[in-house]
Amino acid sequence: MSEINAQQVKYFRTGEKLEYSINYGWFRLGEAEAMVIDHRENQGGISQYSIELKARTVGFLSFIKNVEARYSSYLDTRTYKPVYSESQLLEGRDTWDQDNFFDYEKMIVDVRVRRNRADKRFSQRDVPLKENTYDILGTYMYLRNIDWGQLDVGDSLMLSTLYQKKIYDFGVESAGYETVTFEGEDYKAYKLYVLFPISTTFPKEKAVIFWVINRDGVHLPVMIEANMRIGRVTCELKGVSYPD
């Protein structure tokens with residue numbers, strides 16, 4: 001994978017903000033923001049990117065069950081692997097707060113979870129890492145910085161990501177190119193399948209597809225389509241902004 005991901009090239013901009021709309025058919029279910037906040041040196045001298053993702057339900061769904069989520073990570077600028085990450089989730093009255101401390105020398109992530117915000121205590125668990133394990137935002141940044149043009153149709157990358165207390169394996173397969181329209185202009189987009197086992201939620205193979213364009217040297221995931229048991233859910237890029 002390292003041969004495909006040219007680390008000297010960045011396909012994003014520090015300070016950027018990507019805004020998404022999450023939809024089920026004609027209904028708008030939620031919205032999300034993905035932000036590369038800044039670039040810093042931590043106490044250990046590791047150069048890091050600070051990344052944040054926020055998502056929440058909107059419209060009629062928020063009256064049925066309000067969901068808010070915030071993920072933030074500090075990623076090694078050389079590899080996009082997380083040094084530290086945290087998440088806060090609110091689903092109705094249920095909460096899930098989690099802190100993750102990654103140690104790729106010991107190949108362990110120290111996971112600390114609190115289910116009740118009135119309780120100051122966190123439960124702790126060590127989860128074994130794999131060499132290609134990232135967290136959610138590390139996975140997002142790693143995949144944004146792949147030069148997909150170097151893959152032939154059918155070629156795939158295998159990764160794993162930490163979600164809550166477990167490591168999940170998955171792959172990404174190149175499906176060639178398709179033309180997509182973004183902000184009134186047509187682009188030649190990379191079409192990519194996400195590969196993971198069939199489940200009750202995703203009842204068929206290649207149920208998740210995303211399209212990535214290259215605009216002015218920035219890779220933008222403009223559309224994600226999830227074909228689920230309940231129907232087709234999409235996450236569509238609605239706006240991109242950069243610092244002045």
Tightest non-hydrogen contact, residues Ile22 and Glu31, listed as CD1-N, 4.2 Å

Query raised in the report: Is there a side-chain contact between Leu75 and Ile51, using heavy atoms and a 4.5 Å cut-off?
Result: yes

Check this for me: Tyr74, atom OH, are more than 12 non-hydrogen atoms of other residues, nucleotides or ligands nearer than 6.0 Å?
no

Contacts of Lys54 meeting salt bridge (Lys or Arg N to Asp or Glu O under 4.0 Å) (sequence neighbours excluded), chain-then-number -> Glu52

Exercise for the section: May I have the step-by-step check of side chain to side chain contact (heavy atoms under 4.5 Å, CB included) for Leu18 and Leu237, ending in yes or no? Expected result: CA-CA 7 Å; Leu18 279 58; Leu237 182 63; 3.8 Å; yes

Contacts of Tyr177 meeting ring-ring contact (aromatic ring centres under 6.0 Å, His included) (sequence neighbours excluded), chain-then-number -> Tyr190

| In terms of hydrophobic clusters joined by side-chain contacts under 4.5 Å, are Val208 and Ile230 together? | yes

**Q.** Evaluation steps, side chain to side chain contact (heavy atoms under 4.5 Å, CB included), between Glu16 and Ser241
**A.** CA-CA 6 Å; Glu16 70 179 17; Ser241 59; over 6 Å; no

field: Residues, nucleotides or ligands: over 12 heavy atoms within 6.0 Å of Gln124 CD
entry: yes

When rounded to the nearest 0.5 Å, the distance separating NZ of Lys10 from CG of Asn145 is 9.0 Å

With sequence neighbours left out, the residues meeting salt bridge (Lys or Arg N to Asp or Glu O under 4.0 Å) with Asp97 are Arg114, Arg117

Inset, instruction - Could you walk me through whether Arg112 and Gln98 pass the side chain to side chain contact (heavy atoms under 4.5 Å, CB included) test, one step at a time? - result: CA-CA 6 Å; Arg112 305 180 187 184; Gln98 180 166 334; over 6 Å; no

**Study point:** Side-chain heavy-atom pair Glu183, Arg215 within 4.5 angstrom cut-off
**Key:** yes

Donor-acceptor contacts, no H, no angles, side chain residues 85-95, under 3.5 Å, sequence neighbours left out:
| unit_1 | atom_1 | unit_2 | atom_2 | d |
| --- | --- | --- | --- | --- |
| Ser85 | OG | Asn100 | ND2 | 3.0 |
| Ser85 | OG | Asp135 | OD2 | 3.4 |
| Glu86 | OE1 | Tyr84 | OH | 2.6 |
| Glu86 | OE2 | Arg70 | NH1 | 3.2 |
| Gln88 | OE1 | Arg70 | NH1 | 2.8 |
| Glu91 | OE2 | Lys65 | NZ | 3.4 |
| Thr95 | OG1 | Arg115 | O | 2.8 |

Note to self: If hydrophobic clusters are built from ILVMFWY residues whose side chains come within less than 4.5 Å, do Phe101 and Tyr71 share one?
What the structure shows: no

Closest non-hydrogen contact found for Thr133 with Ser160 is OG1-OG, 2.7 Å

Correct closest heavy-atom pair for Asp110 and Asp126 would be CA-OD1, 3.8 Å

A side-chain contact here means heavy atoms from C-beta on lying under 4.5 Å apart; do Phe182 and Val240 qualify? yes

query: Do the side chains of Val194 and Phe170 get nearer than 4.5 Å, heavy atoms only?
result: yes

Would you mind reporting whether Tyr104 and Pro82 have side-chain heavy atoms less than 4.5 Å apart? yes

Does the Asp155 side chain pair with the main chain of Asp152, one donor and one acceptor, at a distance under 3.5 Å? yes

Pairs of donor and acceptor atoms involving the side chains of residues 195-203, under 3.5 Å and at least two apart or interchain, shall be tabulated with distances.
| unit_1 | atom_1 | unit_2 | atom_2 | d |
| --- | --- | --- | --- | --- |
| Ser199 | OG | Thr201 | N | 3.4 |
| Ser199 | OG | Phe202 | N | 3.1 |

Is Tyr163 linked to Phe122 within one hydrophobic cluster, defined over Ile, Leu, Val, Met, Phe, Trp and Tyr using a side-chain heavy-atom separation of less than 4.5 Å?
no

Sorted by chain and residue number, the ring-ring contact (aromatic ring centres under 6.0 Å, His included) partners of Phe12 (sequence neighbours excluded) come out as Tyr49

Distance col, row Glu33:CD vs Lys17:NZ, nearest 0.5 angstrom, shows 4.5 Å

Apart from Ile37 itself, members of its ILVMFWY cluster (side-chain separation under 4.5 Å) are Met35

Ignoring hydrogens and angles, tell me if any N or O in the side chain of Asp103 forms a donor-acceptor pair with the backbone of Lys106 under 3.5 Å. yes

Any sub-3.5 Å donor-acceptor pair from Thr57's side-chain atoms to Leu29's backbone N or O? no

| Verdict with reasoning, Val218 to Tyr11, per side chain to side chain contact (heavy atoms under 4.5 Å, CB included) | CA-CA 4 Å; Val218 175; Tyr11 294 111; 5.9 Å; no

message: Would the distance check show the side chain of Lys206 and the main-chain N or O of Leu192 forming a donor-acceptor pair, the cut-off being under 3.5 Å?
response: no

Please determine whether a side-chain nitrogen of the Lys or Arg among Glu131 and Lys81 lies less than 4.0 Å from a carboxylate oxygen of the Asp or Glu. yes

For Leu137 and Leu53, the nearest pair of non-hydrogen atoms, with its separation, is CD2-CB, 3.7 Å

Residues passing the ring-ring contact (aromatic ring centres under 6.0 Å, His included) test with Tyr193, sequence neighbours excluded, are none

Closest non-hydrogen contact found for Ile213 with Ala189 is CG2-CB, 3.7 Å

Query - Whether Phe210 and Trp148 hold their rings parallel, tilted or perpendicular, with breakpoints at 30° and 60° - result: perpendicular

**OP:** Before accepting this row, confirm whether a basic side-chain N of the pair Glu236/Arg28 lies closer than 4.0 Å to the acidic partner's carboxylate O.
**Re:** no

Margin query: Just so I know, are the side chains of Val233 and Asn23 near enough to count as touching, which here means a heavy-atom distance under 4.5 Å?
Written below: no

* Test His39 against Thr77 for side chain to side chain donor-acceptor pair (under 3.5 Å), laying out the working first. => CA-CA 8 Å; His39 175 226; Thr77 60; 4.7 Å; no

Contacts of Asp38 meeting side chain to side chain donor-acceptor pair (under 3.5 Å) (sequence neighbours excluded), chain-then-number -> none

For residues 191-200, the salt bridge (charged side-chain N to carboxylate O under 4.0 Å, His left out) pairs (sequence neighbours left out) are Glu178-Lys191

*Validation row: Tyr134, Leu162 side chains within 4.5 angstrom (heavy atoms)*: no

| Between Thr181 and Asp186, does a side chain to side chain donor-acceptor pair (under 3.5 Å) hold up when you go through it step by step? | CA-CA 4 Å; Thr181 302; Asp186 289 340; 2.6 Å; yes

Here the salt bridge (charged side-chain N to carboxylate O under 4.0 Å, His left out) pairs for residues 221-233, sequence neighbours left out, are Glu225-Arg232

Between the OH atom in Tyr80 and the CD1 atom in Ile146, the distance rounded to the nearest 0.5 Å is 9.5 Å

For Val113 and Val111, the nearest pair of non-hydrogen atoms, with its separation, is CG2-CG1, 3.9 Å

With distance as the sole test, does Asn132 use its side chain to make a donor-acceptor pair with the main-chain N or O of Met158 at under 3.5 Å? yes

In this structure, CD1 of Ile224 is separated from OG1 of Thr234 (nearest 0.5 Å) by 10.0 Å

Residues at least two apart in sequence or cross-chain that pass salt bridge (Lys or Arg N to Asp or Glu O under 4.0 Å) with Lys165, listed by chain then number, are none

CG (Asn66) and CZ (Arg56) are apart, to the nearest 0.5 Å, by 8.5 Å

